[in-house]
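Here's the structure we're looking at; comments come further down.
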Protein chains: 2
Amino acid sequence: MLAGMAWNTEETKRKLKEAAVAEFAAHGLGGTTMERIARRAGVNKERLYTYFGDKPQLFATVLADELNKVAAAVPLDHLDGPEAVARYAGSVYEYHAEHPELTRLLLWEGLLDLPEVPDEASRTDYYRTKVAAFARAQQSNAISDRLPAADLAFLVLALAGWWYAVPQMARMMHADSSSTPASAKAALMQAALHLATPSK
Amino acid sequence: MLAGMAWNTEETKRKLKEAAVAEFAAHGLGGTTMERIARRAGVNKERLYTYFGDKPQLFATVLADELNKVAAAVPLDHLDGPEAVARYAGSVYEYHAEHPELTRLLLWEGLLDLPEVPDEASRTDYYRTKVAAFARAQQSNAISDRLPAADLAFLVLALAGWWYAVPQMARMMHADSSSTPASAKAALMQAALHLATPSK
DNA sequence: TGCATCTCCAACGCAACCGTTGGAGATCTG
DNA sequence: CAGATCTCCAACGGTTGCGTTGGAGATGCA
């Protein structure tokens, strides 16, 4: 049934999704055309519709896929102190630097302000585990508890993500200083460290 | 020449720009149609082209206008201590809450990743004054100097802006806690305070 | 009042894109 | 090899949106 097919349907799907990630990340939902996704994948446009439905559905599929990837790539198990929070912030920044598509997809999605997002349940669950890790660390006095765990976790992600959300602002604010991706990462880790350090 | 005209050209321009802000903020450059802007303003589409040029030019005009507004609305003159930084962060958050269009326009712009941004010179200048205010406060030991002034200023803006950049993430991360706009503001002000407080 | 000028708009040409369809070719089954 | 089934695609209809144009109405000027 599905073994030994010469026309390679799984491979075709994979190529289409890969192309869709690139196009959607670059141009958003409105700016992307199905035509270009298909052409980039070297596949006929019609395959998109039979495999993935219409354009919004494809966008949702692609975004869910990328989120699953980041969940696997940047685990957050145990926070044994402020330094662990700083390292986590650095990892997130690093992941964004290497996979700018995900950030951009998230931002496109945020701007669409849908009442419900695709895969809402599993994503809520994903974030809940992050918040829970922060909460546990607070309860054991390993990190500061002056902020609610959800706020602290959210703000740490803000520090790491803002560079990619408004790159034009980052560029203009650092116009006359000598700033590099490395110094940006160091700065945000320093900031995360202080947010997580308990008061004496 | 320009007094006493029965057909009210300045008013028409104003209405078109107002409609354009709303449409571009809601749907971005790609998702907005000139037709809908004109219809929302109650004016014929052709006026857009004679007054503002094509769609990208209109977008640039509208964004520059909104940035001038925020520059006037949230001044940052003198930072005499960490509390002033926290208040500034709170004001920025507040402004975003009341004028979500600006944030959204900035984010749409960021996603377009143009090599150069409209009004680049004056905007760079605008950010430079913000950074300079932070730098002065650092030199007089009023606030922490463990981060470069540009990074500190940028990260403070990150704290205030991230809620509006990824509202879906904010919602999901705070799913099971009781979180309000007021508590979000309090959290980010607390965070800004700690980033700006000098080490002993 | 005749002429020039300016504001405004309905209607249009044109291009792009969405989503579909009819059918060609490849693979399995008997 | 004949028939059924599946993958793939070139071509198409219909819609939408961009940017323009030709002209109608309102105003200033001689």
Side-chain angles (χ1 to χ4, degrees), chain A residues 1-63 105 108-109 111-112 114 118, chain B residues 1-63 105 108-109 111-112 114 118:
Chain A
M1 194 87 176
L2 41 74
M5 295 192 170
W7 18 210
N8 204 330
T9 99
E10 286 310 312
E11 176 65 9
T12 299
K13 286 186 193 177
R14 200 197 52 73
K15 280 193 290 192
L16 284 173
K17 279 206 277 194
E18 190 178 294
V21 168
E23 290 291 327
F24 279 132
H27 307 114
L29 182 60
T32 294
T33 77
M34 300 294 263
E35 176 73 38
R36 286 184 50 176
I37 294 174
R39 200 164 49 229
R40 177 190 276 248
V43 170
N44 189 276
K45 189 174 52 154
E46 177 267 335
R47 292 288 86 195
L48 284 170
Y49 291 95
T50 55
Y51 289 150
F52 302 106
D54 62 9
K55 192 156 72 154
Q57 284 177 50
L58 176 59
F59 185 81
T61 301
V62 153
L63 181 58
L105 288 174
W108 288 117
E109 184 193 46
L111 285 168
L112 294 177
L114 316 160
Chain B
M1 193 83 176
L2 42 74
M5 294 193 170
W7 14 216
N8 205 330
T9 98
E10 286 310 312
E11 176 64 10
T12 298
K13 286 186 195 177
R14 200 198 52 75
K15 280 193 291 193
L16 284 173
K17 279 205 277 194
E18 190 178 294
V21 168
E23 289 291 327
F24 279 132
H27 307 112
L29 182 61
T32 294
T33 77
M34 301 294 263
E35 175 74 36
R36 287 184 51 177
I37 294 174
R39 201 164 51 228
R40 178 192 275 249
V43 169
N44 190 276
K45 189 175 52 156
E46 178 267 338
R47 293 287 86 198
L48 284 170
Y49 292 94
T50 55
Y51 288 149
F52 303 106
D54 62 8
K55 192 156 74 155
Q57 284 177 49
L58 176 59
F59 185 82
T61 301
V62 153
L63 180 58
L105 288 174
W108 287 118
E109 184 193 48
L111 284 168
L112 294 177
L114 316 160

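Every chain is numbered from 1, with letters handed out A, B, ... down the list of sequences.
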[X] [atom1] to [N] [atom2]: how many Å, rounded?
X: A/R39; N: D/dA10; atom1: CZ; atom2: P; answer: 12 Å
X: B/Y51; N: D/dT20; atom1: OH; atom2: C1'; answer: 16 Å
X: B/L48; N: D/dT20; atom1: CG; atom2: C1'; answer: 14 Å
X: B/L16; N: C/dT7; atom1: CG; atom2: P; answer: 13 Å
X: B/R47; N: D/dG19; atom1: CZ; atom2: C1'; answer: 14 Å
X: B/N44; N: D/dG22; atom1: CG; atom2: P; answer: 16 Å
X: A/E46; N: C/dG22; atom1: CD; atom2: P; answer: 13 Å
X: B/E10; N: C/dT7; atom1: CD; atom2: C1'; answer: 13 Å

Residue set satisfying side-chain contact (heavy atoms from CB on, under 4.5 Å) with B/A19, at least two apart, ordered chain then number -> B/I37, B/R40, B/A41
The nucleotide from D/dC8, C/dC9, C/dC8 with an atom nearest the side chain of B/V43 is C/dC9
Heavy atoms, side chains only, cut-off 4.5 Å: are B/R14 and B/K17 in contact?
no
Within the structure provided, determine whether A/Y51 and A/L58 are in side-chain contact (heavy-atom separation under 4.5 Å).
no
Phosphate oxygens OP1/OP2 of C/dC8: is one of them under 4.0 Å from a side-chain N or O of B/T50?
no
Any side-chain N or O of B/T9 under 4.0 Å from OP1/OP2 of C/dC8?
no
B/F52 side, atom CZ; B/M34 side, atom CE - distance, nearest 0.5 Å
9.5 Å
Point-to-point distance, once rounded to the nearest 0.5 Å, from CD of B/E11 to CG of B/L16:
10.0 Å
Parallel, tilted or perpendicular: which describes the rings of B/W108 and A/W108, with under 30° parallel and over 60° perpendicular?
tilted
List every contact pair, protein side and nucleotides 15-19 of chain C side both N or O, where the distance is under 3.5 Å.
unit_1, atom_1, unit_2, atom_2, d
C/dC18, OP1, A/T32, O, 3.3
C/dC18, OP1, A/M34, N, 3.2
C/dC18, OP1, A/K55, NZ, 3.2
C/dC18, OP2, A/M34, N, 3.1
C/dG19, OP2, A/Y49, OH, 3.3
C/dG19, N7, A/K45, NZ, 3.2
C/dG19, O6, A/K45, NZ, 2.3

A/H27 vs A/R36, test: side-chain contact (heavy atoms from CB on, under 4.5 Å). Steps then yes/no.
CA-CA 11 Å; A/H27 307 114; A/R36 286 184 50 176; 3.2 Å; yes
